[in-house]
Each structure stands twice: as structure tokens, then as C-alpha cells.
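So that the names make sense, note that chain A is the first sequence line, chain B the second, and so on, each numbered from 1.
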Amino acid sequence: MSSRLLKSMFAAAGLAAMLWFTLAPLSAQPPPAPAQGAGPGNGGVPAIFGSGVRHVPGGPVQHLSDGHPDMQGFWNAGNNGGAVFEVQNHPTGRAPFFGPGKGAIVDPADGFIPYQLWAAAKAKDTFENHLAEEPELHCYESGVPKQLYVQFGFQIFQPANYVVLTWEFMHAVRIIPTDGRPHIPADIKLFQGDSVGHWEGDTLVVDTTNLNDRTWYDTVGNFHSDVEHVVERFTEVDTNTINYEATVEDSKVLTKPFKIAFELDKNTDPKYEQMEFACVEGNEDVTHYTKDKGGKADVKLK
Amino acid sequence: MQFKFAVLSAGAGLLLAALPVLAHHSFAAEFDVSKPITLKGKFVRMDWVNPHSHILLEVTDADGKVTTWSFEALPPNVLFRQGWRKDSLKAGEEIEVEGFQAKDGSANAWSRSVKTADGRRLFAGKPDALPPGAPPAPEK
Amino acid sequence: MSGSILAAAVALALLCAAPEIVQAQAAYKAPRTADGTPDLQGIWQVRNTSAAFDLEDHAGALGIPPGRSVIVDPADGKIPYRPEALAKRQENFKNRQAADTLNKCYMPGVPRITYLDFPFQIFQTPKYTLITYEYIHIYRAIFTNGSPHIDGLDFWLGDPRGHWDGDTLVVDVTDFNDQTWFDAAGDFHSDKLHVVERYTRTGPDTLRYEATIEDPAVFTRGWRISLPLYRHTEPNFRILEYECQAYADEAAKSSR
């Protein structure tokens, strides 16, 4: 075997192990106890994409007094084909950023975003020349549906007449009223859009409009317009598992809608807590982005 | 879903293992991932800020010139959950930081790992535990 | 005068002289949530728009409404600074445009976030009281299950842990950094800050917010503020977004 192939295999094992470790948890061995005064832990295992705790199927779905499934707790996006890097199929990856992955698109079957021609060209140009415009680089919220697959996971709350989702990452929030109210007027565009939810049996259906065009689907410039319309379905299948899917329409950018789907896995660490993630004041990354990527610094290396 | 991943660049498994952590921006647009650097110096302090902590290192070159390098590390919340504390490193302590320099050539870098004089290895840029069957973790 | 008439006269005098006593005894009984805790849920906002500029008595200035002090203890309405801290406060005031971290779109700290002129929404579940703020999409998830404070990190908004004291939600907040001010006039604290918030319903659409502030590095004693919060009753009201950093970025772009 060539050394290059060997390196490939080693690297593949390393990355696969890393992703397996983070996306589809670890051994059944109980995590080490947190140190004295360690505060909110996750058994000593770092929470990056997730808690690192092995995803095992849970017990039967429990219901709240209002009759709806109790989905409350901490969740992480499970196997999503590297969607956070690139939401669509990326069979050759984008060196040196990341390797191949299927992304999270299940329809169309080829896994690619059905861009209009002008939009495909714009996405390419953004990746090649304007990575400095990445929304999260500027501490913005991630928009819909990207927020669902960002790192560090999120928390679901189910107070009366609402479902509220909170993310440690960028302290992002999505408030979803389930009281049957209409959307806000179309003139108001928001990073997280305006969501209204209703229950179809045990599935929470969330309809989101009023999104602004300042968020991406991923880190490489796949984008949407301000007429994006997303319908998400959250179906809890057991206490540790939610099936998530989102249908995305965007008549300005797409030739037809596309659908993403992946599992949400529960973080079962009883000590886990989300903590404050302030962002703006510590953000020095923007200043280091070089001009060839749309930033302001000069390239001095390589 | 099946994943197939191949090598990205000359980096080893450790390099690739570091990348998924940085999914909120295109790490390789900011740092030169083709040439890892290792710097030895005096630990000045650590800034526990979001989105990235910074490890400040005073490096003296062969001519006696002193430069303070800033190495980006994982967010404080993640480091805290990994077991890092504000007293994990002591001011003035000699440490070795391995990472990738910013492409703008400034004294800024991303830190992959921190090694102390007594041989403790603290991972700033990636988790310090790997599942069974994975390539062996770096020596402790 | 006979004893009973004297007693009646005294009672009448007391009633006239101290109506607050009567009010306190007729405290509003808030409705309960499904799990029996007082229901603080809803979208709330201050009407006092001057406290965020200056907590103490202050005259108006261009763009700044005048206001009475919201400090109820000490009774003189002044923040009880240590002498060297008072000097720092005056210096802060002089440099306030540059030195107030709020102007850089950083997190406002606690209790300042409560009296910024933006609505916030309180949600309650059995284990948490969750407050989501329109101002830069901040959220505070307040455990009400007796869990301890985090030990070893500090935060812009501190670490909040709550419990119910009768009809009042009491939130104990520690682990602050020293980067925030209490208002735009330079009133500041150290990282030893300890805040105890109290949220009490006072009527169908009103809530009393109190915060007791202690910081032995800066103040000679603890002090307390009190402000009413008002419910948004407009149909289908919802909090929107105030994305300070995004607006600042846009402004920077267009000024080039």
C-alpha cells in the first residue's frame, strides 16, 4: 500500500472516529466523574457537536399535561453528513477545509441544492472570494434551518402555548408560539425569521417566514433570500431521539424546494447545562481574514 | 448514512480531528494549515472569552527579541468542560504551543495543543479523548 | 374617651396615616401555572426609560430623559460608593461614550438588561424560568431546582439560580465579570458583584422588579433598586430582534 493511501486511511479513521465520537456517541463506559467544583459537566467529555455520550435509543415518549410529547432537554444534531460545513452533498469535500460528506439534503436525491443558475454562481463566488462574510464569523445567529445543526447543541423548553429553543452557540434563540397566531407582516425580516407552530399528532410542525438574507446554510456560502420559507417537522420517536426534517422553499434562489433530514440525539448527561456564550467582545477572527477572502488583512504567509 | 472521508492535505489524523471543532467559520481561510508551527515560551495569561479563548505566550527568538503571541483556543465553556481551570497554567510557566499561524503573518495562531514543562499535555484545539479503535491519542 | 372609641380612633388614624400598610396586606395573588408556581409569564417592559441612562436622580440632557432615582435603599437614592470608587465613577462618566461597553454591542449585564427599553418574555417550565430578551437575543435559563452556581467561570450576565419565596421568584446571580455598567452614567462594579433579583406580580398586567446589589470592592454596603414592569397586552405581541452588532457592521460598511 502506498504511504499516501496509508495516510488516507489513518486520516480517514481519525476523522471518522472524531465524528463518530462527537456525532454518534462513545463507549458504554460511564464517563469519569467531574472534578471537585467542576460545575456543569458532561462527565468530563467535551461537548462540541454533542456531549460525546453514546446515543442509545430511549424509552417510550412521555407526554405533558397538554397532551403533547415532552421533548424537553438538551439535544444535538446527529449524523448529518457534515451539513454544518456544507449542507449539500460534497463528494470531494473542499480542501483544505473539510473532506467529503453527503450533507443533509435528502430531496432531491442527489443531495445538491437546486440553485437557479445565477445563485449557483453567487455561491461559488462567495466561497472563493467572500468567506469573510460568513454570518457566524460576525457573531450573528444562524437562521433557519442552519441553527439546528450548529455545534454545542440546543435546549428545548415547552412552556404553555410555546416551544422555545435555545443554543449555547451565539446564545441563539427561537421562540415558536403554538397558539395559532398568524405570521408577522412580511416587511419585518429577522435573522431567525418568524416561526409559528402546531401539532399534528405527536409531530411539531413549525412554519417559518420573515427570514432576512443575512444567514447561510453552512460555512461555505450556500445561501438563501429573504423569501425563504421553511417547514420543519420534529417527531420524537423515543426519549433520546427526535426525527427532524425541514423543507426549504425559496423562489428567488431555487428552482424547486429541497428537504433536509437528520436525527436529533438527546444529551443524557444529568449534569449538563448550557452556559453563556457572549461572542462579540472576544471576536478577533474577523480582523485576521485576508483580502482574498473578503477581509481586510494582507496575505503574508504562503 | 455512510461517511467516507479521505485525507485533506499533508496533515495527519490529528489535523483532521481538529477541524470539525471549528465549524462556525472557515478555519483554513484564516490560518495556514499547511505548516504547523511549534513555539516555546513563557505563559503570560489566558483570556477566557468567547468565541475563542486566547493563550498569550511570550516568545524570545534567537536574537533575544521578545514577541507576545496570541494562540486561539476552544471557547471557555468547552475548555471548562474538558477540565481546564484558570489556574491550569501559571504565569511565567514555560510551555510549548503547537498550532497554525494566521495567514496575515501576525503573531496570532490557532492552538492545537499545549505542552507543559512537566510533560502534561493540555489540548486546546481538540478533545482529549478518543473512542476505542481510533488512532492512538498523542502521548500524555 | 372610652377604650373602644380610643381604639377605633387609633385604628382610623393609622389607616389614614399609613395606607401602604393596608396595601401591603392586600397583596395581589397571581394565578398559578400548571405546576402550581406563581405565573410570571408574558412579555414585559419598563416604562421608566431614564433608569437605563442613570439610576440616580438626574436632570435631562440631549437625548436623555430626566428621572428620579430608582434606588429605594439607601433612602437618599444614592449608590453607596466607597470613596475611591466614587472617583472612578466620575471618571467613567467623563469617558462614558468610549468606556460604556454597551456602546460596543456587548452584553448589558444584570440588572441593566431588565430596564433597557426593550421587551423581554418570561416562560416557565417545572425546572426553569426562562427569560428571553429582544435586546441582542439574550436568554437566561434560571434553574429553579436548587442546583449550585458554576464555580470557575465568569459571565457578562452572571450565573442565575432561582427559587420561589412565596409569590416571589428570587434569583441569585454570581460569577460576573467586571466589564458591565449599571447604566450609561458610569455606575460600575467589580467581579465580586452579587445580585439578588426579585420578581413579584402586583396585578394582572404589572410586575415589581427589585434587585439588591452587593459588591464589597466598590460599595460600602448593599443597595436596592425597584422598578415596575408592564405587560404587553397588544394582541399577538411578540418580541422581535435588536441585532446591535449587525446594525453596527452595516453602519461601518456604509460609512466607508
Side-chain angles (χ1 to χ4, degrees), chain A residues 35-40 64-66 70 72-73 133 135 138-141 155-168 170-175 177 179-184 188-196 210 212 214 271 273-283 286, chain C residues 33-35 39 41 43 101 104-107 109 121-134 136-141 143 147-161 175-177 179-180 235-246 248-250 253 256:
Chain A
Q36 183 82 20
L64 295 170
S65 57
D66 62 11
D70 186 353
Q72 296 180 105
E133 285 170 25
H138 299 268
C139 299
Y140 301 165
E141 291 177 292
Q155 185 167 8
I156 298 181
F157 298 84
Q158 288 172 255
N161 297 313
Y162 286 86
V163 175
V164 185
L165 313 182
T166 63
W167 283 262
E168 182 164 301
M170 308 306 180
H171 59 92
V173 184
R174 289 183 62 197
I175 298 172
D179 58 6
R181 67 179 64 195
H183 279 297
I184 59 177
I188 302 177
K189 303 293 186 191
L190 304 170
F191 279 82
Q192 304 290 65
D194 176 67
S195 295
V196 293
N210 299 81
N212 67 24
R214 301 182 68 172
K271 284 212 161 100
E273 294 179 358
Q274 284 183 183
M275 296 190 276
E276 180 188 285
F277 186 110
C279 195
V280 172
E281 79 288 4
N283 188 5
V286 183
Chain C
T33 62
D35 40 84
D39 194 340
Q41 296 181 107
I43 303 178
T101 53
K104 291 191 269 202
C105 296
Y106 295 176
M107 287 190 162
Q121 187 156 12
I122 299 178
F123 299 99
Q124 286 168 248
T125 67
K127 273 213 302 212
Y128 292 89
T129 298
L130 175 71
I131 311 182
T132 60
Y133 300 83
E134 185 173 274
I136 64 175
H137 63 271
I138 281 168
Y139 72 86
R140 301 170 67 205
F143 266 113
S147 56
H149 283 294
I150 293 165
D151 176 23
L153 284 177
D154 58 45
F155 305 105
W156 289 74
L157 304 167
D159 171 56
R161 305 280 158 172
D175 299 333
F176 285 99
N177 67 30
Q179 300 285 300
T180 65
N236 294 328
F237 192 84
R238 62 157 292 163
I239 65 174
L240 299 171
E241 289 175 357
Y242 183 79
E243 296 306 304
C244 188
Q245 185 59 39
D249 290 345
E250 275 174 274
K253 252 197 228 162
R256 262 182 248 139

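- Neither the backbone nor the side chain of Y242(C) comes within contact range of chain A; no heavy atoms are under 4.5 Å apart.
- Among residues two or more places apart in sequence or in another chain, the side-chain contact (heavy atoms from CB on, under 4.5 Å) test is passed with E133(A) by H130(A), W216(A).
- Within the 4.5 angstrom heavy-atom criterion, atoms from both the backbone and the side chain of A246(C) approach chain A.
- Salt bridge absent: E241(C) and R214(A) never bring a charged side-chain N and a carboxylate O closer than 4.0 Å.
- Contacts between I184(A) and chain C at a heavy-atom distance below 4.5 Å involve the side chain alone, from C-beta outward.
- In summary, the aromatic rings of F157(A) and F123(C) are positioned with their centroids too far apart to meet the 6.0 Å limit.
- Side-chain atoms of C279(A) and Q245(C), non-hydrogen and from C-beta on, never get closer than 4.5 Å to each other.
- Comparing L157(C), L153(C), I136(C) by heavy-atom pairs within less than 4.5 Å of chain A, the highest count is held by L157(C).
- At a threshold of 4.5 Å between non-hydrogen side-chain atoms, the residues Q158(A) and T125(C) do not count as touching.
- When each of Q72(A), Q155(A), H138(A) is checked for heavy-atom pairs under 4.5 Å with chain C, Q155(A) comes out on top.
- Neither the backbone nor the side chain of T33(C) comes within less than 4.5 Å of any heavy atom in chain A.
- N161(A) does not touch chain C: none of its heavy atoms, backbone or side chain, sits under 4.5 Å away.
- Proximity to chain C involves both the backbone and the side chain of V280(A), based on heavy atoms less than 4.5 angstrom apart.
- Rounded to the nearest 0.5 Å, atoms CD1 (I138(C)) and CD (E276(A)) are 8.0 Å apart.
- Partners of E281(A) by side chain to side chain donor-acceptor pair (under 3.5 Å), not counting sequence neighbours, listed by chain and number: W156(C).
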Candidate pair H137(C) and Q192(A), rule side chain to side chain contact (heavy atoms under 4.5 Å, CB included), full reasoning: CA-CA 10 Å; H137(C) 63 271; Q192(A) 304 290 65; over 6 Å; no
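- The shortest side-chain heavy-atom distance between M107(C) and H171(A) falls under the 4.5 Å cut-off.
- Atom CG of L130(C) is separated from atom CD1 of I175(A) by 8.0 Å, given to the nearest 0.5 angstrom.
- Screening Q124(C), Q41(C), Q121(C) against P159(A) for a side-chain contact (heavy atoms from CB on, under 4.5 Å) leaves a single residue, Q41(C).
- Per-residue heavy-atom pair counts under 4.5 Å with chain A were compared for Y139(C), Y128(C), Y106(C), and the maximum is reached by Y139(C).
- Counting heavy-atom pairs closer than 4.5 Å to chain A, the top residue among I239(C), T132(C), D35(C) is T132(C).
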